[in-house]
Asker: 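My questions all concern the structure below.
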Amino acid sequence: MSDVARPMRRLLRIPPVPLAILVGVVLGGLLVLVSGGNPVEAYAAIVTGSLAWDSLPNTLNWAVPLVGMTLVAAIPLRGGMINLGGDGQMVIGGLVAALVPLYLPGPGPLLIVVAILAAMVASGLYATIAAWGETRHGIPMLISSLLLSYPAIGICSYVVGFPLRDTTTGLAQTPMIPEAARLPVLSGPLNAGLLVMLVVAVLVVLYDRFTVGGYELRMRGLNARFAGYGGVPLARQMTGVMFASGAIAGLVGALIVLGSQFRFQDGALLSPGYTWSGLMAALLAGGEPLGAILAGAFFAALQTGGFAMQRETSIPRVLTMVLQSIIILFLAIRHGVGRRRETR
Amino acid sequence: MLDFITPFLVNSAVQAITPILLAALAGTLCGRVGVFNMALEGQMLVGAFAAVVGSYATGSALGGIAAATLATVAFSLILAYGVTVFRGDAVVICVGMNLLASGLTAYLLRQMFGVSGTFSDPAIVGLEKIRIAAINGWPVIGWIFSRQTALTWVAWILVAVVTVVMFRTPLGLRLRGVGEDAEAAETMGVDVTRYRIVTVLVAGAIVGLAGAQLSLGTVSIFSEDMSAGRGWIAVVAVMLGRNHPLYAALACVLFGFADAFSVRLQGQGLPNQVTDVVPYVVTLVALVLTHTKRRRRQDPTITASP
Amino acid sequence: MTAGPVVTPVAELEARGIVKRYGPLVANDRVDLVVARGEVHAVMGENGAGKSTLMSILYGLQQPDAGEILMRGRRVEYRSALDAIAEGMGMVHQAFKLFNSLTVWENVVYGMEPSRHGLIDRRAAIERVGEIAARYRLAVDPTVVVGSLSVGVRQRVEILKALYRDAQILILDEPTAVLTPQERDGLFDVIRHLAADGRTILFVTHKLHEVMTITDRVTVLRDGRVVERMVTAETSPREIIRAMTGRAVNLKVEKAPASPGAPVLVADDLTVLSDDGRPLVDRASLTVRGGEIVGIAGVAGNGQTELIEALAGLRQPFRGRVSIAGQDVTAAGVDAHRVAGLAYIPEDRAVTGTARAASAADNLAMGFHRHPPLARGGLLDGRALAAEARAMIARFGIKIGSEKLAVGTLSGGNLQKVVVARELTHRAPLLIAEQPTRGVDVGAIEFIHSELVAERDRGAAVLLVSAELSEILALADRILVMYEGRILAEVDAATATEEALGLLMAGRVQEAA
Amino acid sequence: ADPKLVVFVSPNPIGVNDFLKLAKTGTEKAAAALGGTAKAYESTDPTTIRQNLEAAAKEAGVVVAVGFEFNDVLPEVAKANPETKFLLVDSCPQTLAPNIYCSVFREYEATFLAGAEAGLTTKTGKVGAIGALDIPFLHRYTDPFLAGAKHVKPDVQTAETLWIGGNNPFSDPARGQQRAAVLVSDDVDRVMAAGAGSNGGIFKGLGDLDGAAAFGVDVNQCKQAPGAVMDNVEKRTDVVIEKGVAGIAKGDQPQVAALGLAEGGMTLTGLEAGVAASGCLIAEYPEALAKVKALRDEIVAGTLKVADPMQLAK
Ligand SMILES: Nc1ncnc2c1ncn2[C@@H]1O[C@H](COP(=O)(O)OP(=O)(O)OP(=O)(O)O)[C@@H](O)[C@H]1O
Ligand SMILES: Nc1ncnc2c1ncn2[C@@H]1O[C@H](COP(=O)(O)OP(=O)(O)OP(=O)(O)O)[C@@H](O)[C@H]1O
Ligand SMILES: [Mg+2]
Ligand SMILES: [Mg+2]
């Protein structure tokens, strides 16, 4: 080792995640500087725009779907599987959750529960198609889950664009759901969806840590052959995992529709790109749920801060996309994040 | 149904396939050396952006192609070194690269040209369409090849070249070996890391061409995220074609014609939300058909349990 | 003494003071090795002694931290295997390094392809490979795909690869581990032929009788250090073992006659089909009773693997019945088999038997993790898991720092102990042991053998699959011979001989009788 | 709140959309006229629309919003911020608050005229339209176009309207080009291009048929693709916002303003001064222009009624 390398090595001893963030911040800052902006101002805007007391609710509100989609990706990833179909699954959940209170009679609270459950079941079942394709026909789930997303999005878009469109507006969207069937507001933009997602997140972490199923999923992720040899029913497990993953995607769609948009609007669930942000957060943590949740929350803060930065300074919020990608790339190559998926 | 197939349509389908085909070729190259390239979408976007910048700056389409190739090769360094020297996970790196491409091109678009969204300018010189009078009149061949850009020609020539190199040359044998079992290749004295790096970079250059075709071949415009999922279709084609350039090309053709067909269906009054889905459904069906036969060959542990 | 040219004996290959460290672990500690031209030189040592490490350094796959290598007296430095190959080194790895989807000739010429006009000259390649194969009596068809070949033939392909590169020094790392006696004898013929041709052989093995049969000299490693150099003709197996382990090892398996009880594993008319519908296991029927060890002998690739997978629930049989302890488990998955009473030591400890990145505790729980004491009502008892793991590590002497550490860096023998410990601890009524001592050193073999016999004496039914005839002969009470998916014969272990079994394994029933 | 601050909140990223860019320019001009400053907040989805709207309502004197996407949230935010005035362009919520002003357009009138130009100038006798996304709002650009052509040339053939769709409908020039190729293959030589950022591809695609031409939207797109654009349906969002904000400041802005040809909210490039220098092909068809001007006058006078394809259920 040359002498020059030594301080480098000491630097690299900073724990990987903070170091990655540091690298991202420095590179992002340079980018801002080169294009004539003020990096300090930009970062200050991001931080206050996401973590200051009155912007925190916005961050949390953004974190609910993002963390949800992080779990969607993390659960299969824990077992060495990848679900790229989050978009389609979320949209199905959103549409179902909007249709239940619109077309079913019943008291509001009951409608909420039914809508959420129906959304989860519908999305979960749709997600299992990809698992079925792999277990039955050997079609790689990676690509079938991605491809299955398009028909789901297309059909939902058609449904709200034509037969079930709210004809009083010029957009492809369902009518507003009745007030009674909306999620109760906690304060400001925050609604009960936050609590629901919190419970789900805790359940996922506990399942991963303390149950037989969690152990089996982890072992599958480390060596699928080994898990199969040990008696883990791989096909059934894959189906179950995809159902859970899809159901959470459906839940995310349902919470957005019932909690903040109050109707299903074509494209509105997809344009924030929760699915890909969630996938990145999950990859960042190698599928480990708690780490993934933290990464998801971090991305939520970054993105919310990005919007604030764009409002405050004229620096475009795509900067936060660049930041996120630098962080994940750095972690991937510097510490081989995600390399633990041993077999296939 | 056959009256759907008009010369114009075939011609435009071939044109629309070109970027996907180039990207898929690059994907098969990477796949052959054991690097699963999911970053085609982002690489194509970088190529498209650099092509427009290069063409705008040099005032020539060739300058655009050169810039696209260089920029995408540079961008591909992340993947090339990331999965080899730094031993990162290909999936993670590719997801990061896609995001980086999307964010960086949008950011640079604003900072370099002061516009957001779309950048078009008369100074951007698009690719010439090659018109060969001799073949114009021929059915089918004429439809396919008249009025295409040089890159479309290059794409199809590359399909042949890559196939020959892959299966008939020492280099190809080595590449295939590296992809099948890197450790075995290493013991035979083949420098796996170097082969992988070079292959990924060459593939990067090819995706650069895909990007150039997208932004200079069809339209002379750059718009944000204009790759619009084409890179993902290329990834699907690579998997459908099992890293074989000819089969991957076939998959691209299948998708391209299903897509052209879907536009036709739209012309018949079907809602576009439904017709848009057609090429994906066709691809899914192809996926199912190509897999049902191989059903029992898979890992016994997977099919276990009733 | 007649006058002649004075020959200073320059060693063909010499390694001086080779040091290789993996973190705190010193895998090779100032190793000196001298190999003369035309000799067959054995390198021996327990699991993890540093044999493979030394070989990969000599073959340029790894760079030593210190020390030097001399070829015919000249100092060489390898940056990669390519340099070593250029110096005339060749290596046959225990785990074959072959491309299964490529043909024999493609595998052989890989990296050194004859070409014309930039394209591979296929005809020249096939011709050249055929020539070498004929010269060294390695019966191989150059045009077949390697994936379809049996293990013995694959090994010949590996040797062909080295000879194609005109290797002067050939390293064979545990080359006989998966061969039948006949195949092994064939290999020895080849080795003698090569040595007579002036080529030098480095022979890594755990099998003493092979060392005694084929080698000229022996170098013994222990804990990364050379502890002894011997001339084969002047030593004995007992001495070599003492050098390797520092103690005496009982090579003879002590066991009382079996007293079989009730049938535990019953397979009836079992047929397993391949993808293209060929029978891999063809109407096999067998019964294993409590208190007996039934051995299955056979050349690898004759359906043993598939038979075991079907018996263990990893594979669905096409026809037939399987029952464990009276329970029909034919269509059930692995878990049902385990509940019914299966313990199973799989053939490949690294790929199937363990998860490298998982902790020892997690590895030691697999298969028994669904039921008490490890789990209750779907909840895993982390404390029980750890306690159980610590107990196993202690009882089986697994060399690992803590049950929380990953098993990925354990040596082959230690990894095998992890698997054996897990499968034996739960006292299942049925134990299927597939190649339980493959690649394991003599000390560990002794231990595993005695554990298997103890299982039997406790009343368990033991089904033993091994390519190692001596192992089957030593342990089994009854021997079944598999050939092309069928159970060809049943032989009483007391009267069986290696030669007769070898003939049966080759399908030559008449001659064997 | 700073009364001299005017904030424009966009429903989608401004980039791809000329129409939103106009709104941004209009906001800047309006702020300059007030002697204040302008800002633009870009949203991507309902959540960020709400966040941006709330942030804007707290800071600004006048908030300019554009699009249907604001119908749900605007009344709520307006109620919470009674001091702030809101100008919603292109849409009007069902429940109005005193501090909400709406300016809506009658795009269909100008589109109808563009269609008339198409009918008058087509050589193949076939016209068609391409839109980004099949939503009612965009039918205001496609349906009246075909109707206008039919009006002046009853035997004109109209092709089925094509939609760009896909992953990125407002910014996928290549798909635009593909759809243009389909129309071209059917000999359609006059095409309404309502594809926002995808329009460039449509123009390019029409280049394959000699004499084919497109109609652009929102701004003069003739220069962008010389020789490929006949005329443009211009929506004077900038003017409307400029006037609207000024009106709000003065206090004489009507709560709901509907703007069409008569009010100067909608027009064609060809109907304005400077046609000759516009680069638009329509400049070469003076007789057609004369007829279209006459039609415009009929519409303005109310003697010719153009159907609004987006007759919303009340
Ligand atoms: N890449 C590595 N990283 C860390 N430790 C290693 C590595 N390779 C080998 N070792 C360790 O070095 C020691 C020597 O290993 P080596 O494979 O040379 O043993 P061996 O004599 O071949 O054993 P066996 O008889 O089991 O094949 C072992 O303790 C092993 O765990
Ligand atoms: N990447 C690695 N990190 C740490 N240790 C390793 C690594 N790869 C191999 N080892 C260790 O190096 C040793 C040699 O590996 P090898 O594949 O030869 O296994 P083995 O079973 O010990 O040898 P053999 O297959 O010859 O019996 C093993 O003990 C293994 O645990
Ligand atoms: Mg070894
Ligand atoms: Mg070994």
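No hydrogens, no waters, no symmetry mates; every other heavy atom, side chains included, goes into these values. In what follows, every chain begins at residue 1, and chains take the letters A, B, ... in the order their sequences are listed.
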Asker: Please classify the contact of C:Arg122 with chain B as side chain, backbone, both or neither, using a heavy-atom distance under 4.5 Å.
Answerer: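 Neither part.
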Asker: Checking the side chain of B:Arg168 only, and the main-chain atoms of C:Leu119 only, is there a donor and an acceptor separated by less than 3.5 Å?
Answerer: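 No: the side chain of B:Arg168 does not pair with the backbone of C:Leu119.
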Asker: Can you tell me which portion of C:Val329 sits under 4.5 Å from chain B's heavy atoms? Options are side chain, backbone, both or neither.
Answerer: neither
Asker: Looking only at heavy atoms and a cut-off of under 4.5 Å, which of C:Gly118, C:Ser80, C:Gly60 has the most pairs with chain B?
Answerer: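 Of the options given, most contacts go to C:Gly118.
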Asker: Has C:Phe368 got more than 12 heavy atoms of other residues, nucleotides or ligands less than 6.0 Å from its CZ?
Answerer: yes
Asker: Can you find a pair of side-chain heavy atoms, one from B:Asp181 and one from C:Lys97, that are under 4.5 Å apart?
Answerer: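 B:Asp181 does not reach C:Lys97 side chain to side chain.
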Asker: Examine whether an atom of B:Val165 lies under 4.5 Å from a heavy atom of chain C, and if so say whether it belongs to the side chain, the backbone or both; otherwise answer neither.
Answerer: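 Neither part; nothing is under 4.5 Å.
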Asker: In terms of heavy-atom pairs under 4.5 Å with chain C, which of B:Arg174, B:Glu186, B:Glu183 leads?
Answerer: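 Ranked by heavy-atom pairs under 4.5 Å with chain C, first place is B:Arg174.
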Asker: Are more than 12 heavy atoms, taken from residues, nucleotides or ligands other than B:Leu62, located less than 6.0 Å from that residue's CG atom?
Answerer: no
Asker: Are more than 12 heavy atoms, taken from residues, nucleotides or ligands other than B:Tyr247, located less than 6.0 Å from that residue's OH atom?
Answerer: no
Asker: Using a 3.5 Å distance criterion without hydrogens, assess whether the side chain of C:Glu113 forms a donor-acceptor pair with backbone atoms of B:Leu173.
Answerer: no
Asker: Which one wins on heavy-atom pair count under 4.5 Å against chain B: C:Gly111, C:Ala84, C:Ser115, C:Ser56?
Answerer: C:Gly111
Asker: Which of residues 188-200 of chain B get closer than 4.5 angstrom to chain C, counting heavy atoms alone?
Answerer: B:Met188, B:Gly189, B:Val190
Asker: Do you know which two heavy atoms are closest between C:Phe99 and B:Gly177, and how far apart they sit?
Answerer: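 That would be CE2-O, 3.1 Å.
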Asker: Taking side chain as everything from C-beta outward and backbone as N, CA, C, O, which of these in C:Asn100 sits under 4.5 Å from a heavy atom of chain B? Side chain, backbone, both or neither.
Answerer: both
Asker: Which atom pair, heavy atoms only, marks the closest approach of B:Ala184 to C:Leu98?
Answerer: CB-N, 4.1 Å
Asker: Set out, in order, the CA-CA distance, both residues' side-chain angles and the distance that settles side chain to side chain contact (heavy atoms under 4.5 Å, CB included) for C:His93 and B:Thr187, then state yes or no.
Answerer: CA-CA 9 Å; C:His93 300 261; B:Thr187 60; 3.4 Å; yes
